[in-house]
Amino acid sequence: MVSLALQKGWCILVCVLCFSFIWDVKAKVTVKGTVFIDGKRPIAKTDENFICATLDWWPSDKCDYGICSWGRSSLLDLDLKNVVLLNAIKAFSPLKIRLGGTLQDRLIYQTGNNSQPCIPFALNTSQLFNYTEGCMPLARWDQLNSFFNQSGALITFGLNALTGKTIRSDNNAVGRWNSTNAASLIRYTVKKGYNVYGWELGNELGGRPILGVEIAADPYASDTFALHSLIQKIYKGVNMKPLIMAPGGLFESNWFKRFIRKTGRSLDVITHHIYNLGSGLDENLIDRIVNATVLDGGANVFKSLHNILKNSSTVSWVGESGGVYNSGRDGVTNAFVYGFWYLDQLGLASVYDTKTYCRQTLVGGNYGLLNTTTFVPNPDYYSALLWHRLMGKYVLSTKFEGTRTIRAYAHCAKQSQGVTILLINLDGNTTVQAKLDFDKHVPDHPRRSTAREEYHLTPMDGNIQSRTVLLNGKALTVGTTREEYHLTPLGGDLQSQTVLLNGKALTIGSSGTIPDLKPVTVASSKPITVAPFSIVFVHLPNVAVPACK
């Protein structure tokens with residue numbers, strides 16, 4: 001009996017050890033792959049300042065699923081004297097900021113001759129969007145503009161598109177837009193010399209309806225033309241006129257097609273919103289974020305809108321994107337894991353010629369780039385800042401081969417005439433050793449031309465020991481070193497709100513300063529190591545490709 005028990009014990013111990021060994025091997029798998037980059041010509045172009053964030057009107061009593069996550073982040077009571085907030089914006093030099101959201105279509109603007117009291121929003125579930133009308137005092141508009149001028153931000157402002165309209169029983173808002181109150185604010189803005197980069201009409205009233213109120217494409221186009229005429233009149237004699245933007249809705253192909261056709265040249269930017277990950281209550285949310293198939297689906301809207309705009313002078317922006325609707329989810333949309341979705345969205349949007357991408361939010365809800373209470377940066381803030389500093393406006397056709405869990409994007413570099421690459425590893429068990437290939441065509445890329453292209457490689461001066469390669473007779477220079485920025489979560493915890501850059505935690509300084517984002521220097525001859533569940537920006541300052549000259 002003792003012998004039998006010992007034998008069983010040894011069997012159990014051996015099984016445990018074998019299982020541990022197998023699990024450990026799985027956790028330490030390393031695979032090789034190749035990043036193919038077409039350096040011949042760009043496939044798309046973004047704005048120089050592609051990164052954008054939003055500020056909203058939601059009061060502190062805005063709650064979702066019993067959670068009230070907005071604090072004092074409303075444009076009406078945001079602490080504009082907070083030094084961390086100021087420094088966080090200034091670090092971009094400049095950051096685009098979109099002022100707007102659901103309650104913009106319940107907002108009126110105080111005017112100089114308005115004798116009525118200017119009362120803020122009040123919660124009332126019997127009212128549209130669950131709030132009474134709110135008012136923005138001119139004094140608050142002065143404060144906001146002073147702050148944005150100090151921070152160097154580029155501001156777009158969302159106007160109330162429901163003013164003057166009647167909401168029918170079928171939830172259609174009908175009648176002409178009454179521009180009187182908006183005109184008063186715009187005239188005041190011009191008179192005071194405030195710089196507004198763009199005026200946007202309405203929020204989620206066009207496209208695919210989600211708020212319970214909608215405006216048909218034809219009358220929305222007429223209202224947009226009215227805004228265009230108003231801007232031309234008020235800004236007459238002003239050299240730099242603001243952009244005309246609309247409709248800030250979720251994409252619906254037929255509605256957007258008709259709207260673009262009807263607006264013609266009166267519209268500069270068509271804006272759309274993205275909440276493609278569903279509800280914050282989804283228990284499988286993290287699994288969806290690291291699922292390559294789910295992320296691939298994010299390209300559909302960009303591709304469809306890009307096709308619609310092919311013969312139009314109008315360009316597209318993502319005017320608001322929180323991914324998860326109803327304020328996001330604490331511990332996910334403000335944590336490291338959300339960078340996989342966010343950076344992949346930035347990459348996909350760029351490939352399809354999106355000019356600007358506005359993250360919901362800069363502050364507010366559970367999806368802010370900054371903590372709602374302290375304004376301390378969440379992990380995605382640093383992802384946004386690195387993109388802004390490293391990824392230039394010209395987009396290169398890029399594809400990764402080796403494993404499907406690597407997402408790869410490349411742009412001409414912003415800091416040099418070289419190239420910057422973004423690699424995102426969705427696999428928590430696999431390290432990837434990636435080599436770069438600028439020599440061959442990019443296989444099966446969705447935006448790549450079907451025309452035949454040839455790549456002829458020869459050494460400089462015929463010297464086979466030369467470090468300089470000629471691509472079709474032009475130097476394709478690869479320097480001896482490159483710069484890498486590796487982002488990982490503290491303790492390997494995907495839900496951590498502390499991010500490590502090259503192994504060191506990013507924290508604000510004692511005086512509220514944003515930390516330096518310093519790379520590590522790596523020999524160009526080495527493959528790029530992408531750790532499990534990590535994000536890597538690679539700056540190749542000495543790579544000279546025709547697309548980036």
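Note that the coordinates shown come from a computational prediction; the quantities given were computed from them, not determined experimentally.
Under the 4.0 Å criterion applied to side-chain N and carboxylate O atoms, E401 and K435 are not assigned as salt-bridge partners. We find that R407 and D296 are joined by a salt bridge, their nearest charged nitrogen and carboxylate oxygen being less than 4.0 Å apart. The pair K45-D47 does not meet the salt-bridge criterion, since no charged nitrogen lies less than 4.0 angstrom from a carboxylate oxygen.
Test T420, V419, V351, I43 against L396 for side chain to side chain contact (heavy atoms under 4.5 Å, CB included) and you get one pass: V419. For the pairing with F533, the side chain to side chain contact (heavy atoms under 4.5 Å, CB included) check across V290, T488, D427 returns one residue only, V290. Shown are E320, R98, E200; of these, the side-chain hydrogen bond (donor to acceptor under 3.5 Å, both in side chains) with T271 is made only by E200. When Q360, Q345, H272 are each tested for a side chain to side chain contact (heavy atoms under 4.5 Å, CB included) with S321, only one passes: Q345.
Ring planes of W58 and W70: tilted class, angle from 30 to 60°. Note: F302 and Y357 have tilted aromatic rings, judged against thresholds of 30 and 60 degrees for the angle between ring planes.
A cation-pi contact links R359 to Y342, judged by a cut-off of 6.0 Å to the six-membered ring centre and 45° from its axis.
Here the side chains of T431 and T529 are in contact, with some heavy-atom distance below 4.5 Å.
Remark: aromatic rings of F157 and W141 are close, center separation under 6.0 Å.
In this structure, S151 contributes its side chain and F148 its backbone to a donor-acceptor pair below 3.5 Å.
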